Amino acid sequence: MALNTSLPGASTGRKVVMVSGTFAVAMGVGFFMQNENAEASLTQAGAMPMAIPIPIQPATPPDAGAATPAVVEDAAVPLPDAAVADLEARSEPPFIPVAIANEAAEAEVDCEPLMAADLRDAALVELSITAPCNANEAVTIHHEGMMFSALTDADGQASLFTAALNETALFIAAFGSGTGALAEVSVPTLADYDRVVLQWAGDGAFEIHAMEGGATYGDNGHVWHEAPRTAASAVTGDGGFILALGDGRVDSPRFAQVYTFPANAASKDVALSVEAEITSTNCATEIEAQTLERRAGEAIKILDLKVAVPACEAVGDYLVLKNVLEDLTLTNG
């Protein structure tokens, strides 16, 4: 597959590098964990895997027929009163009071992360995470193969918006410790929208660009992360919008961009492309990404991308991957 290089030059300030043949596209799962694997492993018994306590077996009672060994009593040597008092003052109780044990058990139960999912406009979902024992900690959100990073605050809470890819939308919040939470919400409005996801890990610096109605770079119909619009555009049928997901403050972050367009818009002519900025951290390397396309009434289509980035002399330029995403065109006459 060749790269498209027919883009504006100096007028837009974006220089396109000629790198035809330096990337490959393959169907199927790639370096991202897919939903059927993630959810299968994380939803056993309807919950995230937790640490399983191992019961301590009581000591085996002595055989009734065995001889009981004789007990030899040592001759007691009385200690001075001052020594006895000192030992008593420094001794710790040989047991944990029941009240303290109950409080510890309650604290452990309170550590279980919880997540709620609420439907919002344009088939978006607001996730609210409460994890008091996971303050300032990275959490990965999984949904239908889409993955991105989030970060809890000092109270172990996080609130974020994401995009649904299924009418029955199941979301998983997974912490590095192996704990996590599930939330599910019905999304009947998803049938009103076409949706495309571009996701990657680390320093890929990928972008979705949507040219609506024959727009070119810088026009009102050019939708990308620096001109993303809002969900209101899709709700009113005026055009699409882009939602950026992922938090770069965590270690090994995962990012995603989601482009949403009204499926029954009066004018539906959108050219889609994937771009990657050449940076000092990805130059002269191979970067990977993945796309998920969900059109109304169709199953999700998944593509894996692998791009060889030119040498670091090209930092600041852009790679443009044309024909990776299927353009949106009016199909209802």
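Owing to the predicted nature of the structure, the values given are computational and were not obtained by experimental measurement.
Residues that satisfy the side-chain hydrogen bond (donor to acceptor under 3.5 Å, both in side chains) test with Glu277, not counting sequence neighbours, are absent from this structure. Checked against side-chain hydrogen bond (donor to acceptor under 3.5 Å, both in side chains), Thr285 has no partners two or more places apart in sequence or in another chain.
The two residues Ala289 and Leu198 have their closest heavy-atom pair at CB-CD1, 4.1 Å. Across all their heavy atoms, Val197 and Ile208 have their closest contact at C-CD1, 4.4 Å. Across all non-hydrogen atoms, the minimal contact from Phe255 to Gly202 is CE1-O, 3.6 Å. When all heavy atoms of Ala296 and Asp194 are compared, the pair lying nearest together is N-OD1, 3.0 Å. The two residues Gly240 and Phe261 have their closest heavy-atom pair at N-CD1, 3.5 Å. Between Leu325 and Ser273 the shortest heavy-atom distance is CD1-O, 4.4 Å.
Taken to the nearest 0.5 Å, the OG1 atom of Thr152 stands 6.0 Å off from the CD atom of Glu137. In this structure, CD in Gln199 is found 5.5 Å from CG in Leu292, a value given to the nearest 0.5 Å. Here the straight-line distance linking atom CG of Leu303 with atom CD of Gln290 works out to 8.5 Å at 0.5 Å rounding.
Under the 3.5 Å distance criterion, the side-chain polar atoms of Asp203 are left unmatched by any main-chain donor or acceptor of Thr281. For the pair Asp219 (side chain) and Gly221 (backbone), a donor-acceptor distance under 3.5 Å is absent.
Proximity of the aromatic rings of Tyr259 and His209 is defined here by a centroid distance below 6.0 angstrom, and this criterion is not met.
Ion pairing between Arg195 and Glu144 fails under the 4.0 Å rule for side-chain N and carboxylate O. The pair Glu167-Arg294 meets the salt-bridge criterion, since a charged nitrogen lies less than 4.0 angstrom from a carboxylate oxygen.
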Next on the checklist: For Leu114 and Ile129: C-alpha separation, side-chain torsions, deciding distance, then whether side chain to side chain contact (heavy atoms under 4.5 Å, CB included) applies.
Outcome noted: CA-CA 6 Å; Leu114 300 174; Ile129 301 172; over 6 Å; no
Next on the checklist: side chain to side chain contact (heavy atoms under 4.5 Å, CB included), that's the test. Do Asn166 and Val187 meet it? Break it down for me.
Outcome noted: CA-CA 7 Å; Asn166 196 311; Val187 189; over 6 Å; no
Item to check | side chain to side chain contact (heavy atoms under 4.5 Å, CB included) evaluation trace for Arg254 with Ile141 | outcome: CA-CA 10 Å; Arg254 292 183 179 272; Ile141 307 299; over 6 Å; no
Next on the checklist: Could you walk me through whether Ser159 and Glu126 satisfy the side-chain hydrogen bond (donor to acceptor under 3.5 Å, both in side chains) test, starting with their C-alpha distance in whole Å, then the side-chain angles of each, then the deciding distance to 0.1 Å, before giving a yes or no?
Outcome noted: CA-CA 7 Å; Ser159 180; Glu126 183 176 8; 3.1 Å; yes
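Linking ILVMFWY side-chain heavy atoms closer than 4.5 Å, directly or via other members, places Ile278 and Phe206 in a single hydrophobic cluster.
No side-chain donor from either of Glu184 and Thr168 sits under 3.5 Å from a side-chain acceptor of the other.
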